[in-house]
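Structure first, commentary second.
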There are 2 protein chains.
Amino acid sequence: MALTAKGLATRQRIIEGAALHLRGDDPGEVTLDDIRAITGTSKSQIFHYFPGGKEELLLAVARYESDRVLDDQQPHLGALTSWAAWRRWRDAVVARYRAQGRNCPLGSLMSQVRSTPGAAEVVGALLANWRAQIRRGIEQMQAAGEIRQGLDADRAAAAFVAGIQGGVQVLRSTGRTGHLEATLDVLIDHLRGV
Amino acid sequence: MALTAKGLATRQRIIEGAALHLRGDDPGEVTLDDIRAITGTSKSQIFHYFPGGKEELLLAVARYESDRVLDDQQPHLGALTSWAAWRRWRDAVVARYRAQGRNCPLGSLMSQVRSTPGAAEVVGALLANWRAQIRRGIEQMQAAGEIRQGLDADRAAAAFVAGIQGGVQVLRSTGRTGHLEATLDVLIDHLRGV
DNA sequence: CTTTTTATGGACTTGACGGTCCATCAGACC
DNA sequence: GGTCTGATGGACCGTCAAGTCCATAAAAAG
């Protein structure tokens with residue numbers, strides 16, 4: 001399948017339109033007709049650009065959203081080199097998810113695509129990358145003498161990732177950011193040895 | 001609607017059968033026909049006992065599963081009065097979710113029932129209860145002088161709940177318990193002031 | 001300019017699933 | 001034992017959404 005420039009643009013429009021819809025209030029189950037309506041395309045276009053049908057399309061959207069997750073935490077996440085930077089990152093994460101509210105585009109996506117091979121790969125890559133960046137931040141602080149050497153950076157990074165995931169999940173269920181904030185604060189306190 | 005003993009038994013059989021199915025490999029979307037087949041009942045029985053249809057039934061199953069969550073952590077969760085007890089609890093949580101593997105009955109349920117009023121109430125009650133029990137454990141350790149007074153017990157309890165949630169979610173996605181264990185260990189270390 | 005490939009529109013098919021309806025059976029109550 | 005209410009079976013219906021198909025327009029290739 002050779003795509004022309006026009007075709008590529010349409011394909012991208014479909015992905016971004018679907019992503020937009022996923023962010024709206026209560027996307028619930030996404031249907032191809034929803035996407036068709038939003039993006040002003042026809043059924044045949046969807047299947048033209050995503051021969052694998054709905055699953056392939058949703059996976060493409062998941063990859064797109066997955067990139068957004070870490071992008072939205074930059075530049076803070078990439079430069080956790082002082083306590084002030086950690087604080088800014090913490091605030092950025094809370095703000096991002098507070099803005100997202102009860103809707104987690106990636107979460108909705110994953111629940112509709114769960115148990116396909118591609119889904120595990122997308123989320124696995126995201127989690128690994130996330131963890132690696134946090135770990136790097138911890139190691140930098142250790143190198144600077146701000147965090148004691150004995151602390152297991154990789155394990156602590158895993159705890160951050162899990163804590164944020166859980167905090168967001170609680171947020172999705174209850175609408176409150178308290179758990180997310182508590183986790184981040186407790187874990188940062190732990191790093192500081194408080 | 002007056003239920004006879006027989007009727008009550010059937011109603012319960014439906015709930016437990018549905019719960020059983022949710023634990024199987026890849027339940028995906030649950031359909032009423034699945035439940036009908038598993039429980040050896042007919043459509044009319046389902047609607048007889050759950051006039052609200054699928055939503056009411058799934059909510060009943062969610063309540064049932066919700067009770068299991070904390071039950072499975074007892075008696076450890078209810079008596080976090082020594083570091084050994086914390087360790088046993090930690091192991092029980094990991095074992096429980098490792099056994100559950102990639103399937104989280106309650107998680108599947110919530111994704112099919114999300115955004116109904118009852119769903120928020122079920123999960124909210126579970127989280128609050130969980131948090132309260134952990135908080136109580138921390139306070140008891142503080143009273144015993146094992147944890148410093150300055151630590152915010154409620155906030156730390158919230159971090160535990162979020163961390164476990166997130167760890168389980170990572171487990172569901174990747175099949176690995178590493179994040180869950182890391183979170184629990186880091187948070188317990190934090191309590192110990194290590 | 002014509003031919004071949006790609007892009008698009010939209011009707012149609014197929015299957016699944018929630019929910020309804022009515023008929024029949026069984027046990028409680030008088 | 002007759003009647004009434006609850007328990008059960010299963011056919012049936014309506015809807016909705018994924019996916020197919022063919023026709024046509026537009027653009028690239030020669």
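Chain identifiers are assigned alphabetically (A, B, ...) following the order of the sequence lines, protein sequences preceding nucleic acid strands; residue numbering begins at 1 within each chain. Since we're looking at a predicted model, the values are computed, not measured.
For dT8(C), the OP1/OP2 oxygens have no side-chain nitrogen or oxygen of Thr41(A) closer than 4.0 Å. For dA7(D), neither phosphate oxygen OP1 nor OP2 lies less than 4.0 angstrom from any side-chain nitrogen or oxygen of Gln45(B). Put simply, Tyr49(B) has no side-chain N or O that comes within less than 4.0 Å of OP1 or OP2 on dG6(D).
One atom, CZ of Arg36(B), and another, P of dG19(C), lie 15 Å apart when rounded to the nearest Å. Taking atom CG of residue Leu8(B) and atom C1' of nucleotide dG27(C), one finds them 16 Å apart after rounding to whole Å. Glu55(A) places its CD atom 14 Å from the C1' atom of dG19(D), with the value rounded to the nearest Å. A straight line from NE2 of His48(A) to C1' of dG10(C) spans 16 Å, rounded to a whole angstrom. A straight line from CG of Leu32(A) to P of dG9(C) spans 16 Å, rounded to a whole angstrom. Atoms CZ (Phe47(B)) and P (dG18(C)) sit 8 Å apart, rounded to a whole Å. Taking atom CG of residue Asp34(B) and atom C1' of nucleotide dC17(C), one finds them 10 Å apart after rounding to whole Å. Distance CZ (Arg11(B)) to C1' (dG6(D)): 15 Å, rounded to an integer number of Å.
Annotation for Tyr64(B) and Gln12(B): closest pair CE1-NE2, 4.0 Å, computed over non-hydrogen atoms. Pairing each heavy atom of Glu65(B) with each of Leu106(B), the nearest pair is CB-CD1, 4.1 Å.
For Thr41(B), the side-chain hydrogen bond (donor to acceptor under 3.5 Å, both in side chains) partners two or more places apart in sequence, or in a different chain, are Thr39(B). In this structure Leu77(B) satisfies the side-chain contact (heavy atoms from CB on, under 4.5 Å) test together with Leu70(B), Gln73(B), Gln74(B), Leu80(B), Trp89(B), Trp130(B), Gln133(B), Ile134(B), sequence neighbours excluded.
In this structure, Gln165(B) contributes its side chain and Val170(A) its backbone to no donor-acceptor pair below 3.5 Å.
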Please tabulate, one pair per line, each protein N/O and nucleotide N/O from nucleotides 12-15 of chain D that are separated by under 3.5 Å, including the distance.
none

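Across dG9(C), dA7(C), dG9(D), the shortest atom-to-atom separation from the side chain of Lys6(A) is found for dA7(C). Residue Thr31(B) places its side chain closer to dG18(C) than to any other of dT6(C), dA7(C), dG18(C).
Glu181(B) and Arg155(A) are not joined by a salt bridge, as no carboxylate oxygen comes within less than 4.0 angstrom of a charged side-chain nitrogen.
Within the nucleic acid shown, Ser44(B) comes within 4.0 Å of at least one base atom, counting heavy atoms only.
Between the side chains of Glu146(B) and Gln142(B), no donor-acceptor pair is found at a separation under 3.5 Å.
With DNA chain C read from its 5' end, the first of the two nearest nucleotides for Thr10(A) and Gly53(B) is the one closest to Thr10(A).
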